[in-house]
Amino acid sequence: MMAGSPASLSGQDVGSFAYLTIKDRIPQILTKAIDTLHRHKNEFFEKHGEKGTEAEKKAISLLSKLRNELQTDKPIIRFVEKFVDTDIWNQYLEYQQSLINENDGKPRWFYSPWLFVECYMYRRIHEAIIQSPPIDDFDVFKESKEQNFFESQESLIALCTHLQELRTTIEDLDENQLKDEFFKLLQISLWGNKCDLSLSGGETSSQRTNIINSVEELKPFILVNDMEHLWSLLNNCKKTREKASVTRVDVVLDNSGFELVTDLVLADFLLCSQLATEIRFYGKTIPWFVSDTTVHDFNWLIEQMKGSNHKWMSKCGADWENSIKMGRWVYHDHIFWTLPHEFCVMSQVAPDLYAELQKAHLILFKGDLNYRKLTGDRKWACTIPFRQALRGFHPAPLCSVRTLKAEVQVGLQPGQAEQLAASEPNWMTTGKYGIFQFDGPL
Ligand SMILES: O=P(O)(O)OC[C@@]1(O)O[C@H](CO)[C@@H](O)[C@@H]1O
Ligand SMILES: [Mn+2]
């Protein structure tokens, strides 16, 4: 770690959002996961017979043990089940141990960095499942991700209709009109990030209002607005690009369901406006933070759209399946995104992924967890520059597109944080405020 990184957010700070997440929300998420397994008992029996019933019992006992360790602040234990990242995880546990002097004992839930213990919790859920064949491919969060999609139908139809109408007129738009449409879809993708099930402790958080009409009224809640940088970067690429050359935008995805559709609508627009020629999506290899997108969620959602009885939704689904088939959209899986590491060490821990990101002209990082990893989930002063908090992580021009759900925020104006805190003490954790925070080859 470079000198001068402040301390990590952790459960040591009683009453902090990190503390309340570890104390209240994470056990709630575990309890919902156990309940989900209970509710699938018959399905497991129908599918696998006695072995299915035994597996369900084993997974539940493993998750109950995990919940007990967490609630009694037991030491964090090593992973035992063979998986592609088991050794990297156990190395990281050793690293966390090395940070603690001997009289402070072992890494623990209410002592170690919040980012580490929260990621560890989701990876332990995965271990419990892979230790319980034949239900070792079960996604305990699948139901809530699907429910989010189904409950957001009205907004999704409005969004798909908006995109299809835009596509018919896009050739006639002048640069300023194109910029306005770009900014509108960027903001819809930003506010789509409010729909996040781990913040709500797994309670439903679907999009019920028509998000397009609320873009204007939500503008004052954007605390850092670097959308102009995104426009000038991509519009310049478009104007200076040779005929056959590529402009690639990478989207590091966050939540499935409604948020994912806002990201795919934005990606569709980037291609048909020719602001980009290729989009690369990064999802999660294992079920993660309840609502995060896996490849199964990605494919399921496109299938659902294709099969919709609403013509514009099914048109979007068909177009998006085609974009994948034509290689204009590429879905990329990498285990790094479900490791606990801050992004400033990616070039050492996952050099192949870092090299891949370096090929992008712009990387959009969706959501709060990505922001926490970009900044290391540390106690930075709100006014330090975003570039400083990145601590050398500059694979390509990048932008965080994030609603605030954790007590870390940098790059604000002097006095801005104090002003917000005066009117809303919880401004950092309600998901009500958002940012477009850019770091480029300045
Ligand atoms: O990355 P996302 O989906 O925007 O948010 C992730 C999150 O919901 O999980 C943690 C709370 O449990 C916080 O980091 C944040 O609120
Ligand atoms: Mn998420």
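One-based numbering, in listed order, for ligands and for the atoms of each.
Put simply, the residue from L353, L253, D292, T285 that forms a side chain to side chain contact (heavy atoms under 4.5 Å, CB included) with W337 is L353.
The angle that N255 OD1 and D292 OD1 make at the Mn ion (ligand 2), rounded to 10°, works out to 80°.
With a 6.0 Å cutoff to the six-membered ring centre and a 45° limit on the axis angle, K194 counts as a cation-pi contact of W191.
Under 4.0 Å from ligand 1, heavy atoms of D368 appear from its side chain as well as its backbone. When non-hydrogen atoms are compared, ligand 1 lies under 4.0 Å from neither the backbone nor the side chain of K366. Residue-level proximity to ligand 1 for R402 is absent, since no heavy atom of it falls below 4.0 angstrom.
E118 counts as a contact of ligand 1, since one of its heavy atoms falls under 4.0 Å from the ligand.
Within ligand 1, the atoms closer than 4.0 Å to a non-hydrogen atom of L369 are 1 (O), 2 (P), numbered from 1 in the order shown. Close approach of ligand 1 to N255 is summarised as follows: ligand atoms under 4.0 Å from at least one heavy atom of the residue are 3 (O). Every atom of ligand 1 with a heavy atom of N193 under 4.0 Å away is listed here by number and element: 4 (O). Within the listing of ligand 1, atoms 9 (O) sit less than 4.0 angstrom from a heavy atom of F289. Close approach of ligand 1 to T21 is summarised as follows: ligand atoms under 4.0 Å from at least one heavy atom of the residue are 12 (O). For ligand 1, the atoms closer than 4.0 angstrom to any heavy atom of R372 are 10 (C), 13 (C), 14 (O). Proximity to R25 (heavy-atom distance under 4.0 Å) selects the following atoms of ligand 1: 11 (C), 12 (O).
Not a single N, O or S atom of N193, from either the backbone or the side chain, sits less than 2.8 Å from the Mn ion (ligand 2). Within the 2.8 Å limit, D254 places at least one N, O or S atom next to the Mn ion (ligand 2).
When only interatomic distances are considered, the shortest N/O to N/O separation between F17 and ligand 1 does not fall below 3.5 Å. The shortest N or O to N or O distance between W114 and ligand 1 is not under 3.5 Å. Taking any N or O of N370, backbone or side chain, none lies under 3.5 Å from an N or O belonging to ligand 1.
Here F17 and W114 bring their ring centres to under 6.0 angstrom of each other. Between F365 and Y371, the ring center distance fails the sub-6.0 Å criterion. Taking the six-membered ring for Trp and the full ring otherwise, Y92 and H341 have centroids separated by under 6.0 Å. The distance between the ring centers of F149 and W300 falls below 6.0 angstrom.
D180 has no carboxylate O lying under 4.0 Å from a charged side-chain N of K184, or vice versa, which leaves the two without a salt bridge. Using a 4.0 Å cut-off between a side-chain N of Lys or Arg and a carboxylate O of Asp or Glu, E407 and K379 do not qualify as a salt bridge. Under 4.0 Å is where a charged nitrogen must lie from a carboxylate oxygen, and between R372 and E118 at least one such pair does. Between E143 and K32 there is no salt bridge, since no side-chain N of the basic residue sits under 4.0 Å from a carboxylate O of the acidic one.
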Inset, instruction - Before giving the answer on ring-ring contact (aromatic ring centres under 6.0 Å, His included), spell out for Y120 and W109 the whole-Å C-alpha distance, their side-chain angles and the decisive distance to 0.1 Å. - result: CA-CA 10 Å; Y120 172 85; W109 296 88; 5.5 Å; yes

